[in-house]
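These notes are about the structure you will find just below.
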2 protein chains.
Amino acid sequence: MKRTQKITIQDIARHANVSPGTVDRVIHDRGKVSPENEQKIKDAIEKLNYNPNLLARTLALGKHFTVCVFFPKSINSQDYWSLPEQGVQQAATGYKDFGFSVESFFYSLFDESSFEEQARKILQINPDGVVFAPLFEKESLMFIKELNERNIPYAFIDANIPDQNNITYIGPDTKRSGYMSGKLLHSLVGVDDDILVLNIVKGMENSTNLTRIEQGFMDYYAEKCAERKPKISSLIIHSTEEDIVFREITKFYIKNPNIKGVFVTNSRAHLIARYHLYHDLNIRVIGFDLVKENIEYLNNGRIDCLISQSPVQQGIKCVKTMFDLFIYNSKPQKIQSVPLDIIIKENIDFYMTFQLETN
Amino acid sequence: MKRTQKITIQDIARHANVSPGTVDRVIHDRGKVSPENEQKIKDAIEKLNYNPNLLARTLALGKHFTVCVFFPKSINSQDYWSLPEQGVQQAATGYKDFGFSVESFFYSLFDESSFEEQARKILQINPDGVVFAPLFEKESLMFIKELNERNIPYAFIDANIPDQNNITYIGPDTKRSGYMSGKLLHSLVGVDDDILVLNIVKGMENSTNLTRIEQGFMDYYAEKCAERKPKISSLIIHSTEEDIVFREITKFYIKNPNIKGVFVTNSRAHLIARYHLYHDLNIRVIGFDLVKENIEYLNNGRIDCLISQSPVQQGIKCVKTMFDLFIYNSKPQKIQSVPLDIIIKENIDFYMTFQLETN
DNA sequence: ATCAAATGTGTGTACCCACACATGCAGGAG
DNA sequence: CTCCTGCATGTGTGGGTACACACATTTGAT
């Protein structure tokens, strides 16, 4: 524990025979400096490898940034959406001395109007940045329009809407997770058996992601089973109501009796798992996300494998990205993928423990 | 971006009708304050929920901390031990403005004397903290003794030595990883087949961890297969030389022809995998760590499953722990477990990508 | 009892480093 | 001679720390 020997603006000033203020103006390119001095100062900065002290800078600037995060509501701490929120809070505590604060807002996954309502609230606060999960495409686009007009930087988390002005997308590489799903299902189901790619969606949901996931899935089979591919069907059910889903599934299974594996492109694998349980069907199922219902069916064997998309890390990363943007002024990459974890019966309990306790 | 409204030491001073200096002395318990004032100040701190500004504090103190990290050498970026190092570097960059710097030292896994030599170098630097992987037990204990005498706080990473004065251990919960291995092997090998727990160690290596891993493994079978357990043998080979290992294995397999699954308690699963490849034996293998050789055999199917112990996160965490200790003066938990990831053929390539590119 | 020294209690302020604004001081134009 | 412009310096701010100092009270010696 010694006194710091870091070089400061004063060191530069001494080296160039000018005052600290002049050095400051060179650094910030505010002009009003004679060419000779400017050169001398720049040389000294180069030579001494000067980097401004972030602490002193933020302290002097005394700025304050508010970032709103905007996720689906979670009912309890087991919920999928409580995990990114946990990551957000965790990261935020480490940044609060930098005058960086986070406010959370939540919308209901079953109610588009709650999204609009909370989005209005966020705009009223007029934050410096916004992180949100654009699960309702139409409403999100309206929100985006407003954010663009006000020049408020925003990041997408968990789901992406392409070709927007967002500073970054933080979430799974959707195509890759589809590809990985293909590989996994391939290991569970032979090439002579039929496969179903099942999209269970509510009307308004962001569909781009599902398309990309499905494409990745198809890519795998096209690449690895070029000569001998299983029959792959695709089905979209436009409801999450159990009776409607069950009716559609029944219709499909009657027409396609040889289905031995199902890939559910989102977190609703539990619906088909329940169907298999009722009818005692021996069909492999893989899906996404450790939501409570999925975990239940993973444990009793009706779901074979779930892919988890590092929800806590997503939360951490989005806060960190905003922090770096405001404090370091560093622009993030447009896409920041997170790890995809394979969860099977054998590691589910360990995985859950760690997601909640550590990180 | 507004001016901050955070409450400062001045606010407290005004509230308690004292000077900022007095508040400071109360906060730091330096005495020389009248009881009434002390109480008033404490009340005000409580009431206004005051938290000192970390930036201003570190700036004013102008302290500088050096932490030495001390790992096995890695030959290339694919190596296991390059991963914690990457985590260390990554975390360190974020803390450098706090006067917090990290110096890395490396020892050879095959040379105890290199450990001693580098340990001496570290002691010469006289750092404020040390993080190291105590893989050589005897040499580590000597190092520990010296650190204790000098009152230098130290943390263990990746491997633990119990009952020491270390501030924390960061790494896998060894018992749990054994338990998990049991669960995994159970899913691969029937209860009528025999199982081998294989310890391939060099003479000087830290043995406590292996014992605990094995114990966790046994616990699983004792718990879950109480009535009908496979025959589980345990074998220790005191060498990592291929010919010696092969000889010992041959001897063992001749006596125990019904072995169908092998659990290797450290990163040396590739040795037995190669043996199986040569002799074309259809025996399941699970082991630890994504070292290059292991990955090779995972890909060609001679290793069925590897457990990865979040190496990058381990590095990040140990730097963060030291930072929190010095800057926040916050004591860590004695044990900080990291997630255990299951790596199979299906997700190895994705896993590797993320370990290297993101985090 | 008296006075100096030691102790207890509290205040004032320079400093950490970067930043921003106000000010000073040339020289040339009007 | 003033006014402006270009260049450079000086100073106050931000939050907290640490040291120097001021003042009051107690202790001890004479």
Side-chain angles (χ1 to χ4, degrees), chain A residues 1-42 44-45 48 50-65 96-100 327-329, chain B residues 1-42 44-45 48-65 96-100 326-329:
Chain A
M1 165 160 70
K2 315 117 197 167
R3 281 260 134 193
T4 171
Q5 72 282 13
K6 240 199 112 175
I7 34 150
T8 73
I9 223 167
Q10 278 82 4
D11 298 324
I12 304 294
R14 261 196 307 278
H15 250 78
N17 265 320
V18 294
S19 77
T22 314
V23 177
D24 185 62
R25 254 168 297 116
V26 170
I27 291 169
H28 294 91
D29 216 10
R30 276 195 273 268
K32 314 236 176 202
V33 179
S34 66
E36 316 92 81
N37 273 341
E38 184 166 343
Q39 197 50 50
K40 268 200 287 181
I41 291 170
K42 279 185 173 166
I45 288 177
L48 299 179
Y50 167 77
N51 283 96
N53 183 319
L54 188 64
L55 273 62
R57 166 175 287 170
T58 31
L59 189 61
L61 287 173
K63 299 238 181 93
H64 191 265
F65 301 95
K96 64 177 188 304
D97 279 319
F98 288 85
F100 188 91
I327 306 294
Y328 289 99
N329 198 24
Chain B
M1 166 160 65
K2 315 117 194 169
R3 283 260 138 190
T4 171
Q5 70 282 12
K6 239 198 113 176
I7 37 150
T8 75
I9 221 166
Q10 278 81 4
D11 298 324
I12 304 293
R14 261 197 306 279
H15 251 77
N17 266 318
V18 293
S19 76
T22 313
V23 177
D24 186 59
R25 257 172 293 116
V26 170
I27 291 170
H28 293 91
D29 216 10
R30 276 195 272 267
K32 316 236 176 198
V33 179
S34 66
E36 315 92 79
N37 273 341
E38 184 167 345
Q39 197 52 51
K40 268 200 289 183
I41 291 170
K42 280 185 173 166
I45 287 176
L48 299 180
N49 187 27
Y50 167 77
N51 283 96
N53 184 320
L54 190 64
L55 273 63
R57 165 175 289 169
T58 30
L59 187 61
L61 285 174
K63 300 242 180 88
H64 191 264
F65 301 94
K96 65 174 187 301
D97 278 316
F98 288 84
F100 187 91
F326 293 130
I327 307 294
Y328 289 98
N329 198 24

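Values below: all heavy atoms of this structure, side chains included; hydrogens, waters and symmetry mates excluded. Each chain gets a letter, A, B and so on, in the order the sequences are listed, and its residues count up from 1.
Taking atom CG of N53(B) as the reference point, atom P of dC17(C) lies 16 Å away to the nearest angstrom. Atom P of nucleotide dA18(C) and atom CD1 of I41(A) are separated by 14 Å, given to the nearest angstrom. Note: CD1 (I12(B)) to P (dT17(D)) measures 12 Å, nearest angstrom. Atom-to-atom, CZ of F98(B) to C1' of dG15(D) comes out at 14 Å; the value is rounded to the nearest Å. Straight-line distance from the NE2 atom of H28(B) to the C1' atom of dC19(D): 14 Å, rounded to whole Å. One interatomic measurement links the two molecules: NE2 of H64(B) to C1' of dC16(C), which rounds to 15 Å at whole-angstrom precision. One interatomic measurement links the two molecules: CG of L55(A) to C1' of dG14(D), which rounds to 12 Å at whole-angstrom precision. Note: NZ (K63(A)) to P (dG15(D)) measures 15 Å, nearest angstrom.
Partners of D97(B) under the side-chain hydrogen bond (donor to acceptor under 3.5 Å, both in side chains) rule, at least two apart in sequence or in another chain, are K6(A). Shown here are the salt bridge (charged side-chain N to carboxylate O under 4.0 Å, His left out) partners of K42(B), two or more places apart in sequence or in another chain: E38(B). Evaluation of the salt bridge (charged side-chain N to carboxylate O under 4.0 Å, His left out) rule for R14(A) yields D11(A) as partners, not counting sequence neighbours. Legend: residues meeting side chain to side chain contact (heavy atoms under 4.5 Å, CB included) with I41(A), ordered by chain and number and at least two apart, are I12(A), A16(A), V18(A), T22(A), V23(A), V26(A), I45(A).
In terms of heavy-atom proximity, I9(A) sits nearest to P20(A) at CG2-CB, 4.0 Å. Shown here for I7(B) and Y50(B), the closest heavy-atom pair between the two residues is CD1-CA, 3.3 Å.
Within 4.0 Å of I9(A), counting heavy atoms only, lie sugar-phosphate atoms of the nucleic acid but no base atom. Residue contacts shown for D24(B) include a base, since a base heavy atom lies under 4.0 Å away. At the heavy-atom level, N51(B) lies under 4.0 Å from the strands shown only through sugar-phosphate atoms.
Between the CZ atom of F98(A) and the CZ atom of R57(A) there is a distance of 12.0 Å, given to the nearest 0.5 Å.
Direction of the helix axis in the helix from dA1(C)-dT30(D) to dG30(C)-dC1(D) shifts by 70° between the two five-pair termini, rounded to 10°.
Across dG16(D), dC17(C), dG15(D), the shortest atom-to-atom separation from the side chain of Q10(A) is found for dC17(C). When each of dC16(C), dA18(C), dG16(D) is scored by its nearest atom to the side-chain atoms of L59(B), the top-ranked nucleotide is dC16(C). Side-chain proximity of L61(B) to dC17(C), dA18(D), dC19(C): nearest is dA18(D). When each of dC17(C), dT17(D), dC19(C) is scored by its nearest atom to the side-chain atoms of R57(B), the top-ranked nucleotide is dT17(D).
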Would you list the protein and nucleotides 7-10 of chain D atom pairs, both N or O, that sit under 3.5 Å from each other?
{"from": "dA8(D)", "atom 1": "OP1", "to": "S34(A)", "atom 2": "OG", "distance (Å)": "2.2"}
{"from": "dA8(D)", "atom 1": "OP1", "to": "N37(A)", "atom 2": "ND2", "distance (Å)": "2.6"}
{"from": "dA8(D)", "atom 1": "OP2", "to": "S34(A)", "atom 2": "N", "distance (Å)": "2.1"}
{"from": "dA8(D)", "atom 1": "OP2", "to": "S34(A)", "atom 2": "OG", "distance (Å)": "3.1"}
{"from": "dT9(D)", "atom 1": "OP2", "to": "S19(A)", "atom 2": "N", "distance (Å)": "3.0"}
{"from": "dT9(D)", "atom 1": "OP2", "to": "S19(A)", "atom 2": "OG", "distance (Å)": "3.3"}
{"from": "dT9(D)", "atom 1": "OP2", "to": "T22(A)", "atom 2": "OG1", "distance (Å)": "2.9"}
{"from": "dT9(D)", "atom 1": "O4", "to": "R25(A)", "atom 2": "NH2", "distance (Å)": "3.3"}

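Contact annotation: Y50(A) reaches the phosphate of dA18(C) (side-chain N/O to OP1 or OP2, under 4.0 Å).
The aromatic rings of F65(B) and F326(B) sit parallel to each other, their planes meeting at less than 30°, with 60° as the upper class boundary.
Between L54(A) and I327(A), the closest side-chain pair of non-hydrogen atoms falls below 4.5 Å.
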